[in-house]
Amino acid sequence: MPCREEMPTLDRLQAELGGPEFEVLALSIDRAGPDAVREFYSEIGIENLALHIDPSVKAMFALGVVGLPTTILIDREGNELGRLVGPAEWDSPDMTEFMRSTINQD
């Protein structure tokens with residue numbers, strides 16, 4: 001399951017870069033509610049990501065998401081800088097450096 005593999009890497013990226021200039025905002029579309037998402041977070045060891053849930057799936061349509069997982073990089077003005085459909089290793093050294101350089105350009 002792609003989310004099970006990807007979410008811990010996003011959690012570690014948030015731990016390393018999270019702060020006033022950067023936040024990983026993981027949005028769940030799970031209709032089972034916050035308890036199910038909390039249980040999922042606990043099962044896979046998520047410690048640094050806040051809980052955000054959109055059971056209506058409206059955000060998915062508003063953002064034009066065509067597959068899951070989808071990651072969208074947004075700057076502080078709300079402009080989309082890029083997106084990736086599918087899982088990635090977000091805490092890899094190359095990805096972390098890319099994110100760090102993107103934050104510093106802003």
By side-chain hydrogen bond (donor to acceptor under 3.5 Å, both in side chains) - contacts of Glu97 (at least two apart): none

Listing request: all side-chain hydrogen bond (donor to acceptor under 3.5 Å, both in side chains) pairs with a residue in residues 50-64, at least two apart in sequence or in separate chains. Asp54-Ser56

For the residue pair Thr70 and Leu63, establish whether any side-chain heavy-atom pair is separated by less than 4.5 Å. no

Enumerate the residue pairs fulfilling salt bridge (charged side-chain N to carboxylate O under 4.0 Å, His left out) with a member in residues 6-17, sequence neighbours excluded, ordered by first and then second residue. Arg12-Asp91, Glu16-Arg100

Are Trp90 and Val24 close enough that some pair of their side-chain heavy atoms sits under 4.5 Å apart? no

I need the Asn48 CG to Glu23 CD distance, nearest 0.5 Å. 11.5 Å

Atom CE of Met7 and atom CD1 of Ile46: how far apart are they, to the nearest 0.5 Å? 5.0 Å

Sorted by chain and number, sequence neighbours left out, side-chain contact (heavy atoms from CB on, under 4.5 Å) with Glu80 holds for Ile72, Arg83

Between CG of Leu25 and CG of Leu49, what distance do you get to the nearest 0.5 Å? 9.0 Å

Are Ile74 and Ile29 connected into the same hydrophobic cluster when the rule is that any two of I, L, V, M, F, W, Y join if their side-chain heavy atoms are below 4.5 Å apart? yes

How long is the span from the SG atom in Cys3 to the CZ atom in Phe40, to the nearest 0.5 Å? 6.0 Å

Quick one, Val57 and Arg31 - any side-chain contact, counting heavy atoms below 4.5 Å? yes

When hydrophobic residues are tied together by side-chain contacts of less than 4.5 Å, even through go-betweens, does Phe61 share a cluster with Val85? no

Results of side-chain hydrogen bond (donor to acceptor under 3.5 Å, both in side chains) for Asp30 - residues two or more places apart only: none

Got a sec, which residues hit side-chain contact (heavy atoms from CB on, under 4.5 Å) with Leu73, two or more places apart in sequence or on another chain? Leu81, Phe98, Met99, Thr102

Path from Leu27 to Val37 over hydrophobic side-chain contacts below 4.5 Å: no

Of all heavy-atom pairs between Ala26 and Tyr41, which one has the smallest distance, and what is that distance? CB-OH, 3.8 Å

Sorted by chain and number, sequence neighbours left out, side-chain contact (heavy atoms from CB on, under 4.5 Å) with Arg38 holds for Pro34, Asp35, Leu51

